[in-house]
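First the structure, in the form of structure tokens, and then the observations on it.
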Amino acid sequence: MPDNRIILHVDMDYFFAQCEERERTELKGKPVVICVYSGRGGDSGAVSASNYEARKFGIRAGIPISRAKKMNPDAVFLPVNMELYRSISDEMMEILRGFSDMVEQESIDEAFCDITGKAADFDEAKKLAAKVKDAIRQNVGLTCSVGVAPNKLVAKIASDFQKPDGLTVVKPKEVRQFLEPLKVTDLIGVGKKTGERLNELGINTIGDMSKLSIEELIHEFGHAKGVWLKQASKGIDDSPVQEREGTEQIGRITTLKEDTKDLKVILDTINRLSGEVFRKLEERKLSFKSVTFISISTEFKTHTKSRTLGAPAKDASTIRRVANELAKDFLAEHPAPLRRVGVRVANFSGEKSQMTLGEF
Ligand code: DCP
Ligand code: CA
Ligand code: CA
């Protein structure tokens, strides 16, 4: 793994609550609490997310709903709407894939991108990260926080460093200094148990831990973990950004010359994008089993329509035909002008999956 990588980590701000704010503008400025009701009736259940206004009252993910209601009875309490959050998550991932072919979705609201080939140095990377934030704000309508660093471990901590709407760049030379004062549990991979044991040993910060010898760490935590802790405390992490199994997709999105609902213009564009997607597939000798049509309205609402094929396909005409059908269906259901359209294929099989099997 080259040690001159540039990795970006994007984490959406107060994600579930911000999604609700986007859909209902009347919520802006009010404390909003998203709740998972247990189904046992009443307020039994836990808080899943809260916006920053609600956090001022101490309302956070994980606390009982009844307690949150005592903290602020006037907050807006809403049940989770996973379908909404998933579709907004897809919109965000789509934007990231427009910036880099190497995107690793880490959870519903965060992802790593390897932008090594897209920026010559960390100053350029900072500009690119600002563009990513703008694109997400413009196209998805949500704010996020971004970290830029030489690896995933540090990028993830950096995205959390200045929330909300943050952008933190940690250059290779600044890594040690950046990590030193932080708590050991800020390192992803140091859980509560390991953190408590380290605290018992008088180790509170990452800087404290970096001073322990590797032998001491191995003695305490075993070989694999000891070695990892030593590396992590120095901000070393070689893990690559890789697509999670099943999440890999190849797509192209473009902005139409003008907002339109003209079927011919839209289908012509889709045919061009299908050709681009096909060339990418061909390069990598992949077959696909699903095709998606993506549309973004003049109000920046994204809709996707997908179809799973009966059998894997690898030809350009299948992409075109299915994308055309999906687009026609979509426009029949939503006869409003579109701003951007896209085509995506996924559920791959082919050379790559065989290679993966061969590795084990
Ligand atoms: N989530 C949940 N239960 C938890 C933690 C999180 O249901 N205990 C859900 C709701 C969050 C989403 O996952 O909105 C993302 O989690 P984050 O930890 O990234 O937290 P937020 O995005 O809500 O806030 P932040 O702005 O701190 O990232
Ligand atoms: Ca988040
Ligand atoms: Ca997150």
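One-based numbering, in listed order, for ligands and for the atoms of each. Throughout, numbering of the chain's residues begins at 1 and tracks the sequence.
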Nearest-neighbour protein heavy atom for [atom], which is reported as residue plus atom name and distance:
atom: atom 8 (N) of ligand 1; result: A61 CB, 3.7 Å
atom: atom 17 (P) of ligand 1; result: D109 OD2, 4.1 Å
atom: atom 26 (O) of ligand 1; result: Y14 N, 2.7 Å
atom: atom 22 (O) of ligand 1; result: F15 N, 2.9 Å

Any N/O pair F16/ligand 1 closer than 3.5 Å: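 Yes, at least one N or O pair falls under 3.5 Å.
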
- prompt: Do F348 and F288 have ring centres separated by under 6.0 Å?
  reply: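 Not under 6.0 Å, so no.
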
N/O donor-acceptor pair under 3.5 Å between [X] side chain and [Y] backbone:
X: T260; Y: P337; value: no
X: S89; Y: Y85; value: no
X: R55; Y: S50; value: yes

message: For a quick check under 3.5 Å, do Q162 and S145 share a side-chain donor-acceptor pair by atom type?
response: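 Side-chain D/A pair, Q162 to S145: absent.
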
field: Per-atom contacts, ligand 1 versus Y52 - under 4.0 Å to a heavy atom
entry: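 Reading through ligand 1 atom by atom, the close ones are 26 (O), 27 (O).
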
- request: Classify the contact between M12 and ligand 1 as side chain, backbone, both or neither, using a heavy-atom distance cut-off of under 4.0 Å.
  value: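 Near ligand 1, M12 shows its backbone, while the atoms from C-beta on stay back.
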
Atom of K171, atom of P150 and distance for their closest heavy-atom approach: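 Taking every non-hydrogen atom into account, C-CG, 4.5 Å.
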
query: By atom name, which N, O or S atom of E110 is the nearest to the Ca ion (ligand 3)?
result: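 Distance check against the Ca ion (ligand 3) picks out OE1 in E110.
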
- prompt: Within less than 4.0 angstrom of ligand 1, does Y85 place any heavy atom?
  reply: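 No, Y85 has no heavy atoms under 4.0 Å from ligand 1.
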
query: Should the heavy atoms of other residues, nucleotides or ligands under 6.0 Å from CD of Q177 be counted, would the total exceed 12?
result: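 Counting neighbours around CD of Q177, 12 or fewer heavy atoms of other residues, nucleotides or ligands fall under 6.0 Å, so no.
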
Contact flag [X]/the Ca ion (ligand 2), N/O/S atoms, threshold under 3.0 Å:
X: D11; answer: yes
X: S145; answer: no
X: D109; answer: yes

Pick, from [options], the option with the minimum heavy-atom distance to [atom].
atom: atom 28 (O) of ligand 1; options: D11, I34, V36; value: D11
atom: atom 10 (C) of ligand 1; options: P164, S48, C19; value: S48
atom: atom 24 (O) of ligand 1; options: E20, R55, E110, R60; value: R55

message: Between K163 and D13, does the salt bridge (Lys or Arg N to Asp or Glu O under 4.0 Å) criterion hold? Intermediate values first, please.
response: CA-CA 7 Å; K163 256 186 168 299; D13 299 324; 2.7 Å; yes

- request: Assess K118 against F99: is NZ or CZ under 6.0 Å from the centre of the six-membered ring, and within 45 degrees of the ring's axis?
  value: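 Ring-cation test returns no.
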
Cation-aromatic face contact K152/F112, 6.0 Å, 45 degrees: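 Judged by the rule (NZ or CZ under 6.0 Å from the ring centre, within 45° of its axis), K152 counts as positioned above F112.
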
- prompt: Are there protein heavy-atom neighbours of atom 19 (O) of ligand 1 below 4.0 Å?
  reply: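 Within 4.0 Å: yes, protein heavy atom nearby.
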
